[in-house]
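Everything quoted here is computed from the prediction, not taken from an experiment.
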Amino acid sequence: QVQLVESGGGLVQAGGSLRLSCAASGRTFRMNAMGWFRQAPGKAREFVAAINWSGGSTYYPESVKGRFTISRDNAKNSVYLEMNSLKPEDTAVYYCAAGGSSIAPMIPGYWGQGTQVTVSS
């Protein structure tokens, strides 16, 4: 079993920045890819970013490419999402996920509880 706990969400103005963190515990040796997804009210959960075990490969959808950066610290069993130039349409609950080896696509096996990000216009 793997437990994922997100932190760092909040309210920010459009154009601002936020950094999300995700701490993993449990059977972390089984984790390979880690990533972030988000879900806005009334919409399906969507992929935001993924990173492989070594941190050498990342993958983003076009909607966030160039604005969001995913990184990880395996010594701390943590993954981060740096979000810049935030837009109101980035408002959503952001979920940390842990999965298998693939990052494109990433297939999550575990989810965090989510952290709210609200971007005001």
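Separation of atoms OH (Tyr59) and CE (Met106) is listed at 13.0 Å; rounding is to 0.5 Å.
Screening Pro108, Cys22, Ser25 for a side chain to side chain contact (heavy atoms under 4.5 Å, CB included) involving Leu4 leaves a single residue, Cys22.
Each ring-ring contact (aromatic ring centres under 6.0 Å, His included) pair with one or both residues in residues 74-108, not counting sequence neighbours, would appear here, but there are none. Screening residues 34-57 for salt bridge (charged side-chain N to carboxylate O under 4.0 Å, His left out), with sequence neighbours left out, gives Arg38-Glu46, Arg38-Asp90.
The shortest distance between side-chain heavy atoms of Leu86 and Phe68 falls below 4.5 Å. Using a 4.5 Å heavy-atom threshold, the side chains of Arg67 and Met83 count as separate. Under the 4.5 Å side-chain criterion, counting only non-hydrogen atoms from C-beta, Thr69 is in contact with Tyr60.
Other members of the cluster containing Val5 do not exist, because no ILVMFWY side chain is joined to it at under 4.5 Å.
Note on Val2 and Trp36: same hydrophobic cluster, where clusters join Ile, Leu, Val, Met, Phe, Trp and Tyr whose side-chain heavy atoms are under 4.5 Å apart, directly or indirectly. In the hydrophobic clustering of ILVMFWY residues, with side-chain heavy atoms under 4.5 Å counting as a link, Trp111 and Ile70 come out apart. With hydrophobic clusters built from ILVMFWY side chains whose heavy atoms lie under 4.5 angstrom apart, Leu20 shares a cluster with Tyr110.
No more than 12 heavy atoms of other residues, nucleotides or ligands shown are found within 6.0 angstrom of NZ on Lys76.
Here the closest non-hydrogen pair linking Met34 and Val79 is CE-CG1, 3.6 Å. Closest of all the heavy-atom pairs between Leu81 and Ala49 is CD1-CB, 4.0 Å. Closest of all the heavy-atom pairs between Gly112 and Glu6 is CA-OE2, 3.2 Å.
The main-chain N or O of Ala33 is never found under 3.5 Å from a side-chain atom of Arg72 such that the two would form a donor-acceptor pair. Under a 3.5 Å cut-off, the side chain of Asn74 and the backbone N or O of Trp53 do form a donor-acceptor pair.
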Distance-only donor-acceptor hits, side chain of residues 114-121, under 3.5 Å, sequence neighbours excluded:
unit_1 : atom_1 : unit_2 : atom_2 : d
Thr115 : OG1    : Gly9   : N      : 3.3
Gln116 : NE2    : Ala92  : O      : 3.4
Gln116 : NE2    : Thr118 : OG1    : 3.3

Quiz: residues 96-105 side-chain donor-acceptor pairs under 3.5 angstrom, not counting sequence neighbours:
unit_1 : atom_1 : unit_2 : atom_2 : d
Ser102 : OG     : Ala104 : N      : 3.3
Ser102 : OG     : Pro105 : O      : 2.4

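Judged as a salt bridge (charged side-chain N to carboxylate O under 4.0 Å, His left out), and not counting sequence neighbours, the contacts of Glu82 are Arg19.
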